[in-house]
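Since the structure comes first, as structure tokens, the remarks are kept for the end.
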Number of protein chains: 2
Amino acid sequence: MPELDIGEVARQSGLRPSTLRFYEERGLIASTSRHGLRRRFEAAVLERLALISLGQAAGFSLDEVRSMLSRDGTPRIDRRLLTARADALDVTIRRLTAMREGLRHAAACPAPNYLECPTFRRLLKVAARRRRSSR
Amino acid sequence: MPELDIGEVARQSGLRPSTLRFYEERGLIASTSRHGLRRRFEAAVLERLALISLGQAAGFSLDEVRSMLSRDGTPRIDRRLLTARADALDVTIRRLTAMREGLRHAAACPAPNYLECPTFRRLLKVAARRRRSSR
DNA sequence: GCTTGACCTCAAGTCGACTTGAAGTCGCAG
DNA sequence: CTGCGACTTCAAGTCGACTTGAGGTCAAGC
């Protein structure tokens, strides 16, 4: 079982060496030994990095991701946390969908002034409401 | 036509006074006069602030928003820009939707180990691919 | 034996969108 | 006239996720 150089991990994961050092410092991954100064990683780190990227793509912060990954690599995940994140994504998706429709409409709308277009005005209100509630 | 104090604009827009000053400094809004030291805003600034929030919600940066708003308040918008943003949103929405489904599945998946679940493995690959291409 | 290039550490910088803090100015109610 | 609270400026701080830079180490190939 060959250990990997940081450069090799970078190549295979698509992440930069600086990112890998940063992740190690933040406790997200661990190098298993050193060869002189140089870190060596077990191949399993690649799986773990994939999990980290997945967590990020799902909207978790690095701190949250770390708390979801146990030392051995297999995540022991709180299902309620996943469901909550799924719900949050759902809200985001709805908002973005409305925005996308609005943009397409605005791009095609024949109204001389955007402010006169009902669809546009509805969007304005939605944006204002969101801004208000996120304060 | 009464002019508004910064506090009044803040109250009506849901933004903080500090944000309004910041926006003015960045050229997104303009105060029309001063009462002593104090800025006065025309009521029309509220409409403009709504447009700014809308632009942000659609994913434009403040710099982009500024370039889309002419001095008089009515945006002269490049329709191609809107369409491009709509397309970008579409990509994001698809990705988030896949993620949401994946999360819901993971929350319900009976597989003893996430890594053995085909749905989960598919997600892992998607995340890895994205990471790779965004480099 | 020397060069090269991949690695190392640690501190500081970056980006966007604001916020915060210190120190000062004003207008208006009492 | 005094006090208070809402405003002012300007510089610096915050947050998350990294990146960059300076200065140093080390193994392998020529």
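Chain identifiers are assigned alphabetically (A, B, ...) following the order of the sequence lines, protein sequences preceding nucleic acid strands; residue numbering begins at 1 within each chain.
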*Start at the 5' end of DNA chain D and walk down; is the nucleotide closest to A:Arg26 or to A:Gly36 reached first?*
A:Arg26

Using a cut-off of under 3.5 Å, enumerate the N/O to N/O pairs linking the protein to nucleotides 1-6 of chain D.
{"unit_1": "D:dA6", "atom_1": "N3", "unit_2": "B:Arg38", "atom_2": "NH2", "d": "2.8"}

Nearest-angstrom distance from the residue atom [atom1] of [X] to [atom2] of [N]:
| X | N | atom1 | atom2 | result |
| --- | --- | --- | --- | --- |
| B:Ile52 | C:dG16 | CD1 | P | 17 Å |
| A:Leu28 | D:dG16 | CG | C1' | 13 Å |
| B:Arg40 | D:dC7 | CZ | P | 10 Å |
| B:Leu49 | C:dC18 | CG | P | 11 Å |
| A:Arg66 | D:dG16 | CZ | C1' | 13 Å |

_side-chain contact (heavy atoms from CB on, under 4.5 Å) for B:Ile52 and B:Leu62? Distances and angles first, verdict last._
CA-CA 8 Å; B:Ile52 292 168; B:Leu62 288 183; 4.2 Å; yes

*Is the backbone of A:Glu64 close enough, under 3.5 Å, to the side chain of A:Ser67 for a donor and an acceptor to pair up by distance?*
yes

*Is there a donor-acceptor contact under 3.5 Å from the side chain of B:Arg34 to the main chain of B:Leu37?*
yes

_Under-4.0 Å salt bridge between B:Asp63 and B:Arg26_ = yes

_Tell me whether the side-chain N/O atoms of A:Tyr23 come closer than 4.0 Å to OP1 or OP2 in D:dA17._
no

_Under 4.0 angstrom between A:Thr19 side-chain N/O and D:dT19 OP1 or OP2_ = yes

*Let me see the working for B:Arg104 and A:Asp87 under salt bridge (Lys or Arg N to Asp or Glu O under 4.0 Å), right down to the final yes or no.*
CA-CA 9 Å; B:Arg104 291 213 195 288; A:Asp87 291 347; 3.0 Å; yes

*Closest listed nucleotide, where the reference is the side chain of B:Arg16 and the choices are C:dC18, C:dT20, D:dA17*: C:dT20

*asked:* Measuring only between side-chain heavy atoms, which start at C-beta, is B:Phe120 closer than 4.5 Å to B:His105?
replied: no

*A:Glu24/A:Leu28 under side-chain contact (heavy atoms from CB on, under 4.5 Å): CA gap, chis, key distance, verdict*: CA-CA 6 Å; A:Glu24 186 182 21; A:Leu28 286 153; over 6 Å; no

*asked:* With side chain to side chain donor-acceptor pair (under 3.5 Å) as the test, pick out the partner of B:Ser33 among B:Glu42, B:Glu3, B:Arg40.
replied: B:Glu3

*Under 4.0 Å between any heavy atoms, over every strand shown, what does B:Ser18 touch: base, sugar-phosphate, or nothing? Just pick one.*
base

*Given the rule in the side-chain contact (heavy atoms from CB on, under 4.5 Å) test, do A:Glu25 and A:Tyr23 qualify, once you have shown the distances and angles that lead to the verdict?*
CA-CA 5 Å; A:Glu25 188 182 310; A:Tyr23 281 3; over 6 Å; no

I'd like a table of atom pairs between the protein and nucleotides 9-14 of chain D - only N or O on both sides, under 3.5 Å - with the distance next to each one.
{"unit_1": "D:dT9", "atom_1": "OP1", "unit_2": "B:Arg34", "atom_2": "NH1", "d": "3.4"}
{"unit_1": "D:dT9", "atom_1": "OP1", "unit_2": "B:Arg34", "atom_2": "NH2", "d": "3.1"}
{"unit_1": "D:dT9", "atom_1": "OP1", "unit_2": "B:Arg39", "atom_2": "NH2", "d": "3.4"}
{"unit_1": "D:dT9", "atom_1": "OP2", "unit_2": "B:Arg39", "atom_2": "NH1", "d": "3.0"}
{"unit_1": "D:dT9", "atom_1": "OP2", "unit_2": "B:Arg39", "atom_2": "NH2", "d": "2.7"}

